[in-house]
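Everything numeric here is computed off the predicted structure, so don't read it as measured data.
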Amino acid sequence: MIILFGVGYFMRLDLAELAMASAVCIGGPSSAPALASAKGWRDLLIPGILCGSLGYGIGSFIGGACRHVAHLKRLYADQATWRSRQTKV
């Protein structure tokens, strides 16, 4: 949150935009309509939902890539164990 507000200060963003960004980063796109309607920020409703959805998409891609790397690591570790067992026999 400190990084978000620090970068927002240097980019001269409004406090409403920073608060919406912070809420969407924590709660996802479903928190954007709640915050926008509670504070009366109707103009930030659609950007909040879109940024939250983009975050879900990027997070899913990164999670899938991490799973793939972990699977490959386990696969190569299993092959090394298999090879060491074959040389001992």
(request) Check L4 against L18 and note the closest heavy-atom contact, atom names and distance. (result)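 Taking every non-hydrogen atom into account, CD2-O, 3.6 Å.
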(message) On a heavy-atom basis, which atom in A32 and which in G48 lie closest, and how many Å separate them?
(response)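 Reported closest heavy-atom pair: CB-C, 3.7 Å.
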(request) Each residue besides L44 in its hydrophobic cluster should be listed here, by chain and number; the cluster joins Ile, Leu, Val, Met, Phe, Trp and Tyr at side-chain heavy-atom distances under 4.5 Å. (result)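 Under the 4.5 Å side-chain rule, L44 groups with M20, V24, L35, W41.
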(request) Would you kindly confirm whether Y9 and V7 end up in one hydrophobic cluster when ILVMFWY residues are joined by side chain heavy atoms under 4.5 Å apart? (result)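 Different clusters.
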(message) Could you see if Y56 belongs to whatever hydrophobic cluster contains I62? Use Ile, Leu, Val, Met, Phe, Trp, Tyr and a side-chain cutoff under 4.5 Å.
(response)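 Not linked; separate clusters.
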(message) Rounded at 0.5 Å granularity, tell me how far OG in S53 sits from CD1 in I58.
(response)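 If I round to the nearest 0.5 Å, the distance is 11.0 Å.
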(request) Hey, could you give me the OG/CD distance between S22 and E17, rounded to the nearest 0.5 Å? (result)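 If I round to the nearest 0.5 Å, the distance is 13.5 Å.
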(message) Around atom CD1 of I3, are there more than 12 heavy atoms from other residues, nucleotides or ligands closer than 6.0 Å?
(response)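 No, because the 6.0 Å sphere around CD1 of I3 holds 12 heavy atoms or fewer from other groups.
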(message) Given 3.5 Å as the limit, does a donor-acceptor pair link the side chain of S37 with the main chain of P33, or not?
(response)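 Checking the backbone N and O of P33 against the side chain of S37, a donor-acceptor pair under 3.5 Å is found.
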